[in-house]
Trainee: 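What follows is a structure written as structure tokens; I'll ask about it next.
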Amino acid sequence: MPGGCLRAPMARTAVEVPDDTDFNRFQEECESQDGWISKYKKSGVEVLVQPPPSVAVGQGDRNSLSTIHRLKCRMEVKDVSAATMYDVLHDGEYRRKWDSSAIQSFDIARITANADVGYYSWKCPKPLKNRDVVTLRSWLVKDGEYMIINYSVKHPKYPPSKDLVRAVSILTGYLVKSTGPKSCTLIYMSQADPKGSLPKWVVNKASQYLAPKVLKKIHKASQRYEEWKVRHSPDQKPWLYPEQNTLPSIKLSELSIQRAESLEQVDESTLNEEKESEEEEDRNGVKK
């Protein structure tokens with residue numbers, strides 16, 4: 001079964017920090033072509049989807065892992081090093097400068113030298129409700145390859161809000177591979193449940209419009225990062241130097257796995273897409 005080798009956190013009974021086996025499997029899936037269907041390919045960016053296998057799911061479990069599509073985006077970058085791209089993906093302060101989709105984004109607590117818990121909320125295409133997520137994130141650097149992966153957890157101080165729909169990351173992450181001193185390949189792969197009965201236009205927009213735009217926005221941000229970082233604590237990179245991390249510690253026992261079926265199901269299936277004005281798109285950092 002395509003993707004069956006992934007050790008999905010939804011199958012876990014307790015919260016765990018990903019190990020080398022998890023990272024190896026994630027990388028294998030990022031680089032695999034088996035079972036993936038190309039939906040968009042233009043200007044060095046490709047978007048692929050992997051539909052769930054057509055098998056019966058558990059009784060009454062509409063949110064089973066096997067009902068959720070996976071999305072993979074690949075971008076060839078010819079003017080940014082893998083190390084810089086990795087820094088951009090980690091740097092929370094810089095993200096607030098370039099990520100116009102973000103409502104809030106912050107780290108909550110550290111678990112180990114290469115794992116933490118964080119919160120992220122973002123704007124969804126109108127008229128959908130905005131989403132948020134709490135995730136356990138872990139990262140690994142080896143031989144010019146950089147990986148960041150996450151999955152959803154429950155944190156007692158950050159329960160779902162009535163103003164946002166709590167989404168669930170089953171397994172989401174980035175693989176950055178060096179292809180030269182100033183070039184790299186960026187792969188984003190996600191299996192996530194946005195919650196809600198989403199209309200077809202949302203799925204189409206995600207694969208054919210939003211995903212490529214996000215990768216291109218990350219690329220543009222990475223082109224400016226080194227110049228920005230020189231003026232903003234250039235030596236402060238706790239994702240590379242754990243001794244710089246000042247977050248409070250948290251024990252795994254204080255967290256639990258966020259399961260989709262425990263969250264409210266929001267019906268947005270009948271909503272029609274609202275076209276943003278050119279002024280709104282420019283303000284959101286998305287230009288036609």
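Since this is a predicted model, take the numbers as computed values, not measurements. Keep in mind that the numbers below use all heavy atoms, side chains included, and drop hydrogens, waters and symmetry copies. Index from 1, following the sequence.
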Trainee: For residues P238 and R110, determine if any side-chain heavy atom of one lies less than 4.5 Å from a side-chain heavy atom of the other.
Mentor: no
Trainee: Decide whether a cation-pi geometry holds between R137 and Y120; the criteria are a distance under 6.0 Å from NZ or CZ to the six-membered ring centre and an angle within 45° of the ring axis.
Mentor: no
Trainee: Taking the side chain as every heavy atom from C-beta outward, state whether Q191 and E29 have any atom pair closer than 4.5 Å.
Mentor: no
Trainee: Got a donor-acceptor contact below 3.5 angstrom from the K42 side chain to the E46 backbone?
Mentor: no
Trainee: Do Y158 and L252 share a hydrophobic cluster (ILVMFWY, side-chain heavy atoms under 4.5 Å, transitive)?
Mentor: yes
Trainee: Using every non-hydrogen atom in the two residues, find where P156 and E254 come nearest and quote the distance to one decimal.
Mentor: CD-O, 3.4 Å
Trainee: Is any side-chain heavy atom of E93 closer than 4.5 Å to a side-chain heavy atom of Q236?
Mentor: no
Trainee: Under 4.5 Å between side-chain heavy atoms, counting indirect links through other Ile/Leu/Val/Met/Phe/Trp/Tyr residues: same cluster for F106 and I103 or not?
Mentor: yes
Trainee: Looking only at heavy atoms, what is the nearest atom pair of N150 and S169, with distance?
Mentor: OD1-OG, 2.8 Å
Trainee: Would the distance check show the side chain of S81 and the main-chain N or O of K182 forming a donor-acceptor pair, the cut-off being under 3.5 Å?
Mentor: no
Trainee: Using side chain to side chain contact (heavy atoms under 4.5 Å, CB included) as the criterion, point out the one residue from T112, V17, D116 that pairs with S138.
Mentor: V17
Trainee: Would you say K39 and L71 make side-chain contact, with heavy atoms under 4.5 Å?
Mentor: no
Trainee: If you count every heavy atom of other residues, nucleotides or ligands that lies below 6.0 Å from E227 atom CD, does the total exceed 12?
Mentor: no
Trainee: Quick one: which of V45, L186, T185 gives a side chain to side chain contact (heavy atoms under 4.5 Å, CB included) with E76?
Mentor: T185
Trainee: Is the OH atom of Y241 crowded by more than 12 outside heavy atoms at less than 6.0 Å?
Mentor: no
Trainee: Side-chain donor-acceptor pair under 3.5 Å between Y225 and D91, yes or no?
Mentor: yes
Trainee: Please state whether the rings of Y94 and W228 are parallel, tilted or perpendicular, taking 30° and 60° as the class boundaries.
Mentor: tilted
Trainee: For the CD1 atom of I111 and the CG atom of L136, what is their distance to the nearest 0.5 Å?
Mentor: 3.5 Å
Trainee: So which atom in Y86 and which in L140 form the shortest heavy-atom distance, rounded to 0.1 Å?
Mentor: OH-N, 4.4 Å
Trainee: Any donor and acceptor pair, going by atom type alone, linking the side chain of R96 with main-chain N or O of A102 inside 3.5 Å?
Mentor: no
Trainee: Rounded to the nearest 0.5 Å, how far does CE of M189 lie from OG of S32?
Mentor: 9.0 Å
Trainee: Look at the side-chain heavy atoms of Ile, Leu, Val, Met, Phe, Trp and Tyr, link any pair under 4.5 Å apart, and say whether W122 and V134 land in one connected group.
Mentor: no
Trainee: Has the side chain of S222 got a donor or acceptor atom that lies under 3.5 Å from a matching backbone atom of H219?
Mentor: yes
Trainee: Atom CG in L175, atom NZ in K72: separation rounded to 0.5 Å?
Mentor: 10.0 Å
Trainee: If you measure only the distance, is there a donor-acceptor pair under 3.5 Å linking the side chains of S43 and K216?
Mentor: no
Trainee: Looking at side-chain heavy atoms only, is the closest gap between N24 and D22 below 4.5 Å?
Mentor: no
Trainee: Taking Q244 for the side chain and D235 for the main chain, is one N or O donor matched with an acceptor at less than 3.5 Å?
Mentor: yes
Trainee: Evaluate the criterion side chain to side chain contact (heavy atoms under 4.5 Å, CB included) for residue pair V133 and Q258; output intermediate values, then yes/no.
Mentor: CA-CA 10 Å; V133 68; Q258 177 66 75; over 6 Å; no
Trainee: Where do R224 and K97 land on the side chain to side chain contact (heavy atoms under 4.5 Å, CB included) test, with the steps shown first?
Mentor: CA-CA 11 Å; R224 302 191 296 262; K97 300 293 183 183; over 6 Å; no
Trainee: Taking the side chain as C-beta and beyond, is there a heavy-atom pair between K154 and I257 under 4.5 Å?
Mentor: no
Trainee: Quick one, N130 and S121 - any side-chain contact, counting heavy atoms below 4.5 Å?
Mentor: no
Trainee: I want to check something: taking the side chain as every heavy atom from C-beta on, are K157 and I108 in contact at a cut-off of under 4.5 Å?
Mentor: no
Trainee: Where do A167 and R131 come nearest, in terms of heavy atoms and distance?
Mentor: CB-CG, 4.0 Å
Trainee: I need the minimum non-hydrogen distance between A113 and W139, along with the two atoms involved.
Mentor: O-CZ2, 3.6 Å
Trainee: Just jot down the ring pair (Phe, Tyr, Trp, His ring centres under 6.0 Å) partners of Y188, sequence neighbours excluded, or say none.
Mentor: Y174
Trainee: Could you give the distance from CE (M147) to CD1 (I187), rounded to the nearest 0.5 Å?
Mentor: 10.5 Å
Trainee: Heavy atoms only: give me the nearest F26-G173 pair and the separation to one decimal.
Mentor: CZ-C, 3.4 Å
Trainee: Rounded to the nearest 0.5 Å, what's the gap from NZ on K177 to CE on M85? Could you check?
Mentor: 15.0 Å
Trainee: Hey, could you give me the NE2/CD1 distance between H155 and I250, rounded to the nearest 0.5 Å?
Mentor: 3.5 Å
